[in-house]
Amino acid sequence: MTQLNMIDDFQRLKLGMDLFIDPPEFEVGQTPSEVVYTKDKLRLLHYEPRVRKPEAVPVLIVYALVNRYYILDLQPDRSVVKNLLEEGLD
């Protein structure tokens with residue numbers, strides 16, 4: 001390993017550590033929705049349709065107990081929920 005490669009590796013390591021220690025802030029779960037049912041910690045969200053006439057049968061997404069509801073709706077450009085809504089699914 002050359003000295004130049006080691007410097008590049010250390011710079012990448014430092015950048016990764018900086019991101020871990022002070023992560024960038026961004027909002028998650030931005031797709032418009034409403035809570036239609038609650039019980040204890042359970043919440044059932046209904047997302048607003050993105051097409052004029054969505055499919056008749058809705059899609060129910062059930063997460064594992066360790067996941068958060070926004071895991072499929074991180075950012076507008078990284079949202080599985082938004083993509084499903086744009087495909088006409090409810």
Rounded to the nearest 0.5 Å, how far does [atom2] of [Y] lie from [atom1] of [X]?
{"X": "Y70", "Y": "S79", "atom1": "OH", "atom2": "OG", "result": "14.0 Å"}
{"X": "F10", "Y": "L15", "atom1": "CZ", "atom2": "CG", "result": "15.0 Å"}
{"X": "D90", "Y": "E55", "atom1": "CG", "atom2": "CD", "result": "9.5 Å"}
{"X": "S33", "Y": "E48", "atom1": "OG", "atom2": "CD", "result": "7.5 Å"}

For residues [X] and [Y]: do they belong to one hydrophobic cluster (side chain heavy atoms under 4.5 Å, members Ile, Leu, Val, Met, Phe, Trp, Tyr)?
{"X": "V59", "Y": "V62", "value": "no"}
{"X": "L45", "Y": "L42", "value": "no"}
{"X": "Y69", "Y": "V35", "value": "yes"}

message: Would you say that L44 contacts L60 through its side chain, given a criterion of any heavy-atom pair below 4.5 Å between the two side chains?
response: yes
Problem - Any Y37 side-chain heavy atom under 4.5 Å of R43 side chain - result: no
If you count the non-hydrogen atoms of other residues, nucleotides and ligands that lie under 6.0 Å from CD in E87, is the total more than 12? no
Which is it for Y63 and L72 under the side chain to side chain contact (heavy atoms under 4.5 Å, CB included) test, yes or no, and what are the steps along the way? CA-CA 10 Å; Y63 298 98; L72 294 178; 3.9 Å; yes
Residues pairing under salt bridge (charged side-chain N to carboxylate O under 4.0 Å, His left out) where one sits in residues 68-85, two or more places apart or in two chains, turn out to be K82-E86
Of all heavy-atom pairs linking V51 and G88, the shortest is CG2-CA, 3.6 Å
Requested in this report: Begin with the C-alpha distance, continue with both residues' side-chain angles, and end with the deciding distance and a verdict on side chain to side chain contact (heavy atoms under 4.5 Å, CB included) for V80 and I71.
Outcome: CA-CA 9 Å; V80 173; I71 197 71; over 6 Å; no
Charged N to carboxylate O under 4.0 angstrom, R12 versus D8?
-> no
